[in-house]
Amino acid sequence: MKILVTGGAGFIGSHTVVELHQAGFQPVILDNLYNSNRSVLNGIKQITGVDFPFYEYDCNDLEKLRELFDKEQFDGVIHFAAYKAVGESVQKPLAYYENNLVSLLNLLNVMQEYKVPNFVFSSSCTVYGQPESLPVTEDTPRLPATSPYGNTKAIAEDIIRDHVHAAPSVKAIALRYFNPIGAHESGLIGELPNGVPSNLVPYITQTAAGLRDSLTVFGDDYDTADGTCVRDFIHVVDLAKAHVKALSLLEQTEASNYYDVFNVGTGEGYTVLNLINTFETVNNLKLNYNIGPRRAGDVEKIYAQADKVNTIMNWKAEKTLAESLRDAWNWQLKITQTK
Ligand code: UD1
């Protein structure tokens with residue numbers, strides 16, 4: 001099974017390429033390198049021993065996609081390529097809608113033209129907003145998005161659902177990720193944020209490595225155990241494995257018009273301070289951090305109920321928070337040393 005991985009040089013994409021290979025799939029990487037680095041391809045090659053086909057294309061370029069689908073006969077597509085910075089999306093909504101939605105429409109169109117049946121989409125728990133009750137299940141109502149980024153995920157889910165209903169040859173799954181962290185245990189691939197990271201764990205590892213002065217914890221007056229926000233932090237390798245399971249499920253599903261959504265989280269919520277303390281303990285260091293005001297738009301607490309993905313896909317998160325934070329630090333040390 002040959003699988004196109006858009007955004008395959010990115011954080012989740014690169015780990016998924018490795019897991020696809022290990023499960024016997026043949027990944028083909030497409031990435032415009034806008035928010036990723038060519039060196040990641042080398043890391044993937046070192047881990048797997050394989051130099052996977054790589055196309056420096058943009059999914060917004062329909063003609064390039066057609067060229068690619070002409071050349072390679074795909075059995076499925078995993079679509080990661082997207083803009084993902086919540087704050088930036090508020091500043092540049094049109095760029096986010098255009099990039100994240102035109103690329104999706106192009107892919108669905110080309111898949112239909114070339115009769116490619118299986119589609120896995122990167123969605124996000126952001127579609128739930130601040131849910132009224134926890135943990136969130138897939139039936140928890142989606143709330144109006146609090147950012148253009150979040151809205152692109154909700155709209156994309158709707159586009160895919162409507163398309164699958166109209167196009168019996170296509171089967172699709174949207175995976176609603178919780179908070180992906182960590183890195184490959186080899187330390188050869190991991191997260192490579194562009195500029196100042198907005199996500200918690202890269203900010204922590206860069207601070208611990210001395211690349212930033214200190215971390216600001218955004219608010220300690222939330223209604224949680226220690227006042228800081230609660231998230232469901234999932235190891236990126238576990239998340240990558242969920243994509244392999246999703247593809248396998250699509251492959252085995254004969255029903256046409258199949259579309260479903262799955263939460264991909266550990267099912268456990270940890271506070272930001274829990275995470276910082278675990279990071280310090282597992283890596284035996286002290287982090288310079290201070291408590292600051294709340295960040296606009298942050299959800300107070302969210303974590304998954306992962307029963308559906310456990311039961312239907314036979315997938316469960318295996319790695320602990322401590323393992324994730326050890327791997328994230330190991331990766332940061334490697335990239336800091338090689339700079
Ligand atoms: C959000 C979305 C997620 C989306 C991601 C994209 C929700 C619940 N989650 O993640 O779906 O994919 O954006 O980037 O909407 N924090 C600090 N200091 C920092 C950075 C973060 O205290 O310097 C805190 C935040 O306030 C938050 C937690 O750490 O409570 C996690 O933040 P972050 O890593 O940015 O992810 P989310 O905002 O949860």
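Note that the coordinates shown come from a computational prediction; the quantities given were computed from them, not determined experimentally. Atoms within each ligand, like the ligands themselves, are counted from 1 in listed order.
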**Thr205: partners by side-chain hydrogen bond (donor to acceptor under 3.5 Å, both in side chains), with sequence neighbours left out** = Gln332

**Asked** So, is the end of the Arg294 side chain (NZ or CZ) under 6.0 Å from the ring centre of Tyr222 and within 45° of the ring's axis?
**Response** yes

**Item:** For Lys84, atoms of ligand 1 separated by under 4.0 Å from a heavy atom
**Value:** 6 (C), 14 (O)

**Message:** So for ligand 1, is Tyr203 a polar contact partner (N or O within less than 3.5 Å, distance only)?
**Reply:** no

**Request:** Return the set of residues passing salt bridge (Lys or Arg N to Asp or Glu O under 4.0 Å) with Arg66 (not counting sequence neighbours), or none when no residue passes.
**Result:** Glu63, Glu113

**Item:** Per-atom contacts of ligand 1 with Thr126, taking only distances under 4.0 Å to non-hydrogen atoms
**Value:** 11 (O), 15 (O)

**Asked** At a 4.0 Å threshold, what atoms of ligand 1 neighbour a non-hydrogen atom of Asn199?
**Response** 14 (O), 33 (P), 34 (O), 35 (O), 36 (O)

**Request:** Determine the interplanar angle of the Trp329 and Phe279 rings, folded into 0 to 90°, and report it as parallel if under 30°, tilted if 30 to 60°, perpendicular if over 60°.
**Result:** perpendicular

**Asked** Which ligand 1 atoms, with their elements, are less than 4.0 angstrom from a heavy-atom of Cys229?
**Response** 30 (O)

**Request:** Below 4.0 angstrom from a heavy atom of Arg295, which ligand 1 atoms are there? Numbered from 1 as shown, please.
**Result:** 25 (C), 32 (O), 33 (P), 35 (O), 38 (O)

**Request:** Measure the acute angle between the ring planes of Phe119 and Phe121, then classify it against the limits of 30° and 60° as parallel, tilted or perpendicular.
**Result:** parallel

**Message:** For atom 13 (O) of ligand 1, what is the closest protein heavy atom, and at what distance to 0.1 Å?
**Reply:** Val86 CG2, 3.5 Å

**Item:** Approximate separation, where rounding is to 0.5 Å, of Asp232 CG and Tyr177 OH
**Value:** 14.5 Å

**Fill in**
A student checking ligand 1 against Ile302 at a 4.0 Å heavy-atom cut-off should list atoms 8 (C)

**Item:** Among Tyr177, Phe218, Tyr83, Tyr289, closest by any non-hydrogen atom to atom 19 (C) of ligand 1
**Value:** Phe218

**Asked** What class does the angle between the rings of His21 and Phe52 fall in, given that below 30° is parallel, 30 to 60° is tilted and above 60° is perpendicular?
**Response** perpendicular

**Tyr149 touching ligand 1 at heavy-atom level, < 4.0 angstrom** = yes

**Request:** Pick one of side chain, backbone, both or neither for how Asn179 approaches ligand 1, counting any non-hydrogen atom pair under 4.0 Å.
**Result:** side chain

**Item:** Geometric N/O contact Leu200 with ligand 1, under 3.5 angstrom
**Value:** yes

**Fill in**
Atoms of ligand 1 under 4.0 Å from any heavy atom of Val217, numbered from 1 in the order shown, are 22 (O)

**Asked** Does Lys171 make a cation-pi contact with Tyr258 (under 6.0 Å, within 45 degrees of the axis)?
**Response** no

**Asked** His15 vs His184 aromatic rings, parallel, tilted or perpendicular, using cut-offs 30° and 60°?
**Response** tilted

**Request:** Heavy-atom contacts with Val272 under 4.0 Å: which atoms of ligand 1 show up? List them by number with element.
**Result:** 24 (C), 28 (C), 29 (O), 30 (O)

